**Q** 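Quick one: the structure is below, questions incoming.
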Amino acid sequence: MNSYSERAGRLIALLLIAGSGVVTIAKGMSLTFLAIRLQKDFGLNPASIGALIGAGPLVGAIVSPFAGTLSDRIGRKGVLTAALCMAGLALAGLGLAQSIAAFALAHIISSVAAAVYEPVSRALMSDAAPAHLRLRVFSWRYLAINAGWAVGPLIGVWIGAAYATLFVIAGLMHAAFGFVLFFTVPEARNESLAETAATSQATGGWRGLVAALRDRRLVFFVIGGTLLLAVHGQWSVTLSQYLNTGFEDGITLFALLVSTNAATVLVASTPARFVIERIGALKALSLGCLLFLLGEIGFAASSGMEMLIASMILFTIGEVLVVPSEYVLVDGISDAGNRGTYFGAHSLSSVGNFLGPLIGGLALGSIGGAGMFLLFALLSAASALVFAIGHSMPPPRPQAARAGAVAGSGIGGDLLRIGQLA
């Protein structure tokens, strides 16, 4: 049973979708050009840029699982509000930073706040949305996020990629969404809170995280998600450096590819959702990984704008298949009492946002752009294999009876049937 009435749940899901779009516009107009700014204003090399930008997600990967368990115990709304306000302050700090140390500190805080926000917002959306609409709202949320990435960079280009006011405005937008959430999202019904609190007290905090990671399916999903995020989570970091050094007017070409990515998401999201519903989340994720592989090979072989754009379209179609499918897979092995913990544990995969820029920067400096893209193609294939192995495993033995009951009549069962996970 959902924690909210169907009407309230639909409204909360729509608010989260719209708010995700707004904060992504804020990120797009301020964070898109971080790598270029570090390269031009601070003179950092590709490996240093990758390490600095990836350090924030690395710390976030450590913190976010505990945010998930905390949200199971005290509620999602307070955790989300705190994360959004912290992100707002950090973004303003990025705009005002005058040294690499200050810039790095603000970036780490911003990344940690984002790492806390993501799993808790997904858990709240899963709490709120009726089971038969959950895949749809995950897909709409992803669509709103990419629409934000389409608009945000254009605002950044228009005002100026390194203009400090952009970061302050972006921070205010995050804080505003946090306050809207706090004052408009109602508390869950008392009986649902009591049930969730009882479960969380038994397995909360560190012990809850350890208990969740005893589920081998979740462990393999975390590993597979890490590989996927290394490929697509921060693709703009390595691609912008590659284009800026290897192509004439590379910044303009990079902005065109960012817009191509966003436009493809807008066009492909609805057909991708139908594909996921028809063939199942695991097969759709595997297809997305194949398209990642083909897109990376295309980047490696590209010598002009046309082939780069074609490769970006393939890459992006893979992205719109992979992201909602991955959320559905994680949701399908969780239940109402541990959803925040499972999404929080899965957010350990955000370490891929550190590994991607770091591996990409090292590869770009040592074996060149073609070698870097081929390496990411191999990671795409490996991630599909890891997810398939995890999906084939049975649930943890102590939870088998409960998992069977949930699959038969509860939220998890509805989602398993909808996503064809079983």
Side-chain angles (χ1 to χ4, degrees), residues 12-34 37 53 55-57 59-61 63-64 67-68 70-71 75-97 102-125 128 140-156 158-185 233-234 236 258 262 343-344 347 350 353:
I12 292 169
L14 289 174
L15 175 63
L16 289 169
I17 290 168
S20 294
V22 170
V23 298
T24 306
I25 290 174
K27 290 180 181 179
M29 71 185 195
S30 57
L31 300 181
T32 301
F33 304 97
L34 280 184
R37 184 186 175 194
I53 292 179
V59 178
V63 173
S64 58
L70 182 64
S71 76
R76 321 277 191 220
K77 184 169 70 172
V79 176
L80 285 175
T81 302
L84 286 164
C85 291
M86 185 169 68
L89 290 173
L91 284 170
L94 279 173
L96 301 174
F103 190 94
L105 178 61
H107 172 63
I108 288 172
I109 294 173
S110 173
S111 299
V112 168
V116 171
Y117 170 78
E118 281 299 318
V120 179
S121 65
R122 291 196 294 267
L124 177 58
M125 181 171 287
W140 285 347
R141 178 181 183 271
Y142 187 64
L143 181 64
I145 287 172
N146 280 275
W149 283 118
V151 175
L154 297 177
I155 297 174
W158 179 54
I159 297 179
Y163 194 51
T165 305
L166 276 176
F167 289 90
V168 176
I169 294 173
L172 290 173
M173 292 170 70
H174 277 73
F177 178 46
F179 284 113
V180 169
L181 272 181
F182 186 79
F183 288 109
T184 60
V185 173
Q234 302 243 15
S236 62
V258 171
F343 274 110
S347 69
S350 62
N353 284 322

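Since we're looking at a predicted model, the values are computed, not measured.
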**Q** If every non-hydrogen atom of Gly93 is compared with every non-hydrogen atom of Ala106, which pair is closest and at what distance?
**A**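 Scanning both residues, the minimum pair turns out to be C-CB, 3.9 Å.
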**Q** Could you go step by step and tell me if Ser20 and Tyr117 meet the side chain to side chain contact (heavy atoms under 4.5 Å, CB included) rule?
**A** CA-CA 10 Å; Ser20 294; Tyr117 170 78; 3.3 Å; yes
**Q** Identify the two heavy atoms, one from Ala113 and one from Ala83, that lie closest to each other, and give their separation to 0.1 Å.
**A**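 Minimum heavy-atom separation between Ala113 and Ala83: CB-O, 3.3 Å.
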**Q** Mind checking the CE-CG spacing from Met125 to Leu14? Nearest 0.5 Å is all I need.
**A**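 Result: 8.5 Å between the selected atoms.
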**Q** To check you understand the geometry: which heavy-atom pair defines the closest contact between Met29 and Ile155, and what is its length?
**A** SD-CG2, 3.8 Å
**Q** Ser111: which residues meet the side chain to side chain donor-acceptor pair (under 3.5 Å) condition with it, sequence neighbours left out?
**A** none
**Q** When you look at Ile109 and Leu89, which way does the side chain to side chain contact (heavy atoms under 4.5 Å, CB included) test go after all the steps?
**A** CA-CA 9 Å; Ile109 294 173; Leu89 290 173; over 6 Å; no
**Q** Taking distance alone, no hydrogens or angles, what donor-acceptor pairs closer than 3.5 Å link side-chain atoms of residues 167-181 to residues at least two apart or in another chain?
**A**
residue	atom	partner	partner atom	Å
His174	ND1	Ala170	O	3.0

**Q** I need the minimum non-hydrogen distance between Leu91 and Ser110, along with the two atoms involved.
**A**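 Closest approach of Leu91 to Ser110: CD2-OG, 4.1 Å.
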**Q** Picking from Val23, Ile25, Thr24, what satisfies side-chain contact (heavy atoms from CB on, under 4.5 Å) with Ile145?
**A** Thr24
**Q** Between atom CG of Leu124 and atom CG of Leu80, what is the distance when rounded to the nearest 0.5 Å?
**A** 6.0 Å
